[in-house]
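Within every chain, numbering begins at 1; the chains are lettered A, B, ... in the order of the sequence lines, protein sequences first and strands thereafter.
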Protein chains: 2
Amino acid sequence: MSVSLTKIIEEYIDNLLEENGGDAVSLRRKDLAERFGCVPSQINYVLRSRFAPENGFLVESQRGGHGYIRILQLSFNNCDEEIEHLSELVGSAITEQEARRLLVNLQNRDLISPRERLIIEISMRNQEDNGRTLFDVSPYRRDIMRADLLKKLLTGLALG
Amino acid sequence: MSVSLTKIIEEYIDNLLEENGGDAVSLRRKDLAERFGCVPSQINYVLRSRFAPENGFLVESQRGGHGYIRILQLSFNNCDEEIEHLSELVGSAITEQEARRLLVNLQNRDLISPRERLIIEISMRNQEDNGRTLFDVSPYRRDIMRADLLKKLLTGLALG
DNA sequence: AGCATGTTGACTTATACTGACCAATAATTT
DNA sequence: AAATTATTGGTCAGTATAAGTCAACATGCT
């Protein structure tokens, strides 16, 4: 069982972050690709699969002259076990009502701010509307999609 | 890591603005170009790319003798104006890149927090993935859906 | 075998910077 | 006053550079 290139590059970036105090690091896609003897787009794959917002990272980049890729590791030092636990509570499907109750609870316990709750509710509502009117998704399937979205959001916040 | 001329000039102007109380500053294109050893049109490039309305600035200028360039940092009196402005910027369709850029901007201007940006990015990405893999939505239609989501979120935040 | 994950490269898009040419305004000359 | 000249900024297209996308192909894991 060999270690994948993706894993190696992921760890390299993790180390860079650690050395840099942990919050951000800048790099050049071309340089990284050269260092690891791979094609540049491999870096995009690593970023997409390992440094996604669901994992608590934000990636900024710029093309052209003086281009760069900047990876930000958000650190909110919130009670991540708490939120992680709640993520389990969401399960594989969740109704709008249940979701809203959960969010109210989170806000009451100051795990998310009112504005954050608002954003989450608007996103959920938007997805619900799209599912119903645009794509004719069944109610149960919408509950599944809602659970997926909610879990991504909560783990993103927990890992941040 | 090399820093672009554009960045240097941008920071110089930012400093001027700060010194000047923050709302406006006047300068001469030729002088600036000389100071930074570049061609005058480079200044136009900086203004177009860094001090555009989407970054919260307006630029006035006059040619000929005693010509000048005045940079105004615009501020909104009420959130309705702000929403109007942001919604115009988003427009009826927006690419992933443009959206991300806008969010970076909003965060830099302290209009949203890093956590809020993270949540928004997760939501956008979730919608993008669903649109592509689940519902086979065309790229342009996804840009429209992204703009819709973004406008709902920004409007909600401004009114909330 | 089949599905998920990883890897590649051709093609596309975005940004930085320059220089030649254009446009507007003020100052000076006739 | 009109014409001319000097002074200033604007535009655009070309060149160089760097990142993003996408889909085909490969590998690995049940």
Side-chain angles (χ1 to χ4, degrees), chain A residues 1-13 26-52 54-55 59-71, chain B residues 1-11 13 25-52 54-55 58-71 93-102 104-105 121 124-125 128-129 131-134 136-140 142-143 146:
Chain A
M1 63 164 267
S2 68
V3 177
S4 74
L5 223 197
T6 296
K7 187 83 184 164
I8 293 173
I9 297 175
E10 177 191 6
E11 281 168 3
Y12 176 77
I13 294 176
S26 282
L27 41 86
R28 299 188 99 99
R29 190 177 79 146
K30 209 175 136 224
D31 293 349
L32 255 199
E34 252 166 44
R35 167 185 291 263
F36 293 104
C38 64
V39 103
S41 58
Q42 172 74 20
I43 307 304
N44 294 87
Y45 179 74
V46 176
L47 294 177
R48 187 168 186 82
S49 61
R50 305 294 205 264
F51 296 91
E54 302 94 287
N55 300 323
V59 175
E60 301 171 358
S61 66
Q62 189 157 88
R63 309 189 195 185
H66 299 99
Y68 61 81
I69 293 177
R70 179 152 50 240
I71 302 168
Chain B
M1 201 91 165
S2 77
V3 176
S4 71
L5 222 199
T6 297
K7 184 84 184 163
I8 293 172
I9 298 175
E10 177 192 4
E11 281 168 4
I13 294 176
V25 70
S26 284
L27 39 85
R28 303 191 99 105
R29 189 176 80 146
K30 207 176 141 219
D31 293 350
L32 257 198
E34 253 165 43
R35 168 186 290 264
F36 293 104
C38 64
V39 105
S41 58
Q42 172 74 19
I43 307 304
N44 294 88
Y45 177 73
V46 175
L47 295 177
R48 202 175 354 108
S49 62
R50 304 297 205 264
F51 296 91
E54 56 262 42
N55 298 324
L58 283 179
V59 175
E60 301 170 348
S61 66
Q62 190 160 89
R63 309 187 193 188
H66 304 309
Y68 62 83
I69 293 177
R70 178 151 49 241
I71 301 169
I94 191 171
T95 66
E96 208 166 353
Q97 284 264 321
E98 290 170 327
R100 207 156 23 220
R101 201 186 176 93
L102 178 71
V104 171
N105 254 309
E121 294 227 15
M124 286 200 321
R125 187 182 158 115
E128 174 75 8
D129 284 351
R132 231 184 7 202
T133 52
L134 261 42
D136 199 40
V137 181
S138 76
Y140 180 60
R142 296 204 297 269
D143 288 351
R146 184 178 302 108

Whether B/Arg142 and B/Glu96 form a salt bridge (side-chain N of Lys/Arg under 4.0 Å from carboxylate O of Asp/Glu) is what I want to check. no
Residue whose closest nucleotide on DNA chain D lies nearer the 5' end, B/Glu96 versus A/Gly65: A/Gly65
Out of [options], whichever nucleotide has its closest atom nearest the side chain of [X]:
X: A/Asn44; options: C/dT8, C/dC17, D/dG20; value: D/dG20
X: B/Arg50; options: C/dG6, C/dA27, C/dA16; value: C/dA16
X: B/Gln62; options: C/dT25, C/dT15, C/dG9; value: C/dT25
X: A/Arg63; options: C/dT7, D/dG20, C/dA16; value: D/dG20
X: B/Gln42; options: C/dG9, D/dT11, C/dT18; value: C/dT18
X: A/Leu5; options: C/dT18, D/dT21, C/dT7; value: C/dT7
X: B/Ser41; options: C/dG9, D/dG20, D/dT11; value: D/dT11
X: A/Arg28; options: C/dT7, D/dA19, C/dT18; value: D/dA19
X: A/Lys30; options: D/dA19, C/dG6, D/dG10; value: D/dA19

Please report, rounded to the nearest Å, how far the P atom of C/dA4 is from the OH atom of A/Tyr45. 12 Å
Side-chain donor/acceptor of B/Asn105 to backbone N/O of B/Asn55, under 3.5 Å: no
